[in-house]
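Treat the numbers as computed from the prediction; the structure is a model and nothing was measured. Per chain, numbering begins at 1; letters A, B, ... match sequence-line order.
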Amino acid sequence: MAAVEKRRPAVAPAASFADSSRPAASRAAATAESEEDFLRQVGVTEMLRAALLKVLEARPEEPIAFLAHYFENMGLRSPANGGAGEPPGQLLLQQQRLGRALWHLRLAHHSQRTAFNNNVSVAYECLSASGRKKKPGLDGRTYSELLKRICRDGEAPEEVVAPLLHKIQCRDHEAVPLDVFRAGMLTCFVLLEFVARASALYQLLEDPALAVADRRVGQAVLDTLEGALQASDGGAVPARYLEAGSRLGPDSLALAMDRALVARRPSSPMTREEFLEKAAALFIAKVKPVA
Amino acid sequence: MLSPERLALPDYEYLAQRHVLTYMEDAVCQLLENKEDISQYGVARFFTEYFNSVCQGTHILFREFSFIQATPHNRASFLRAFWKCFRTVGKNGDLLTMREYHCLLQLLCPDFPLELTQKAARIVLMDDAMDCLMSFSDFLFAFQIQFYYSEFLESVAAIYQDLLAGKNPNTVIVPTSSSGQHRQRPPLGEASVLEGVEASLFSQCLENLCDRHKYSCPPPALVKEVLSNVQRLTFYGFLVALSKHHGINQALGALPDKGDLMHDPAMDEELERL
């Protein structure tokens, strides 16, 4: 993604705005000049160029909504929020920093690795900025709060993510280096997506009338998932991923589910929460705890 | 969820798909028109409001026609605004003439072209007496088809004229037919006695049209559905069928189903309070 930014020819929005989107009424050349001056003076040209680059980097599904949020955030960042008055308190500043960091982290999907890493770095800097009472650097407390916020906004149930937080949290007054921060953020977002997919999977297993799934089937799916995850252990060997993938393929999964139903164990319900907790546990087991 | 195709597109195509540059340029124009009111920090706020209004679909209110028809989203937003603003007309059961509907349109868009309103009315009235009265829902759905799919309809009209004249646009294309298996066209005398064109041939031509052109077409599967129910049909018969098709309306996503057109719980609540 970074390469794309370098390859792009320099955009000259000021010139193109004056030419192509001039309204029907003819304007004197002098007015056009003053318009360009105005745009440059107020920083519109730079603003839009930066916004456009951000859109191209993140490639959101809804670029217009993205732009609306982008400018909203920019507005919040400006110091003159209404003029004279007491500077905002420490708590408010902290909240603002968290909000901004969150916004940066959400700009690109975690699979867009370069863009995501760039955004992580920016978020880290934003949180590490020194305040009046704050030393520079990211402390464990802020880091934990951010993790909790991300999980809450990602609509993952608390019980599901608690084990993860336990593993990757740092002590309140510990300094959190960038690589720990980056790993933590990535793990968090991947877990949220994992939980979302597990939830969708549960929906398929669920009996619509009872709003629960058959325990045998649910457990069969979880066991298959666990087997697949174990198969992918032992380093990034492509063959292992193929094996894991095949275990999760519709055929294997269907067989596992079939076998579960045929076995003579009695049926009992499994709730969504239980299913998600167990599924998340499989994932979290793979996560290395912070040293 | 991510759609991989979106990420693989070259920059310009990705931006063009959602008309990002159109809206950015328009945002700057609007800014310039209001520049006396904006301070330095107001610019970001201005752009926030602008792009939010684009998302909500209120950005087209009182704008010039060239902007309203510039993007599919603008057209859909305009249709939706027209419905929301004037659905009480329908609620009262009033029937209006084409000119009266045009006045309503001009309230939202001062330079809305009369020609377009006329074309919409022709769909409802089947090209008949143009000063007849029309119900709100009839006009609205016909107007939707005419306005949202303007370019498509122009091409369809041209194809229709060709078919009427006995020219089959399809025979020019395939170079490989050595055995020369062409469709048997009825001799010209016969064709002129029957009204309209043959539905299956028409359907084939429209399928090619949808493939060839990038501007908005109704979903090809639904167009085929419309044409599969009849043997022959006229141009206006086709347009009426399009305007009354629930699936096409839903695919467009601007207006609710015909039955829900007057459904306005918020307004009803307000009226209850009075």
- For Arg18(B) and Ile64(A), which heavy atoms make the closest approach, and how far apart are they? O-CD1, 4.4 Å
- Message: Would you say that more than 12 heavy atoms from the other residues, nucleotides or ligands in this model lie under 6.0 Å from the CZ of Arg99(B), or not?
- Response: no
- Query: Atom CG in Leu21(B), atom CG in Leu52(A): separation rounded to 0.5 Å?
  - Reply: 6.0 Å
- Task: Find the distance between CZ (Phe71(A)) and CZ (Phe46(B)) and round it off to the nearest 0.5 Å.
- Result: 11.0 Å
- Would you indicate whether Lys224(B), at its atom NZ, is surrounded by more than 12 heavy atoms from other residues, nucleotides or ligands within a distance under 6.0 Å? no
- What pair of heavy atoms forms the shortest contact from Arg59(A) to Pro10(B), and how long is it? NH2-C, 3.7 Å
- Query: Between Tyr14(B) and Val55(A), does a side chain to side chain contact (heavy atoms under 4.5 Å, CB included) hold up when you go through it step by step?
  - Reply: CA-CA 10 Å; Tyr14(B) 165 75; Val55(A) 168; 3.9 Å; yes
- Give a yes or no on this: more than 12 heavy atoms of other residues, nucleotides or ligands lie within 6.0 Å of atom NE2 of His69(A). no
- Under 4.5 Å from any heavy atom of chain A - which part of Phe47(B): both
- Message: Taking atom CD as the centre, does Gln56(B) end up with more than 12 heavy-atom neighbours from other residues, nucleotides or ligands that are less than 6.0 angstrom away?
- Response: yes
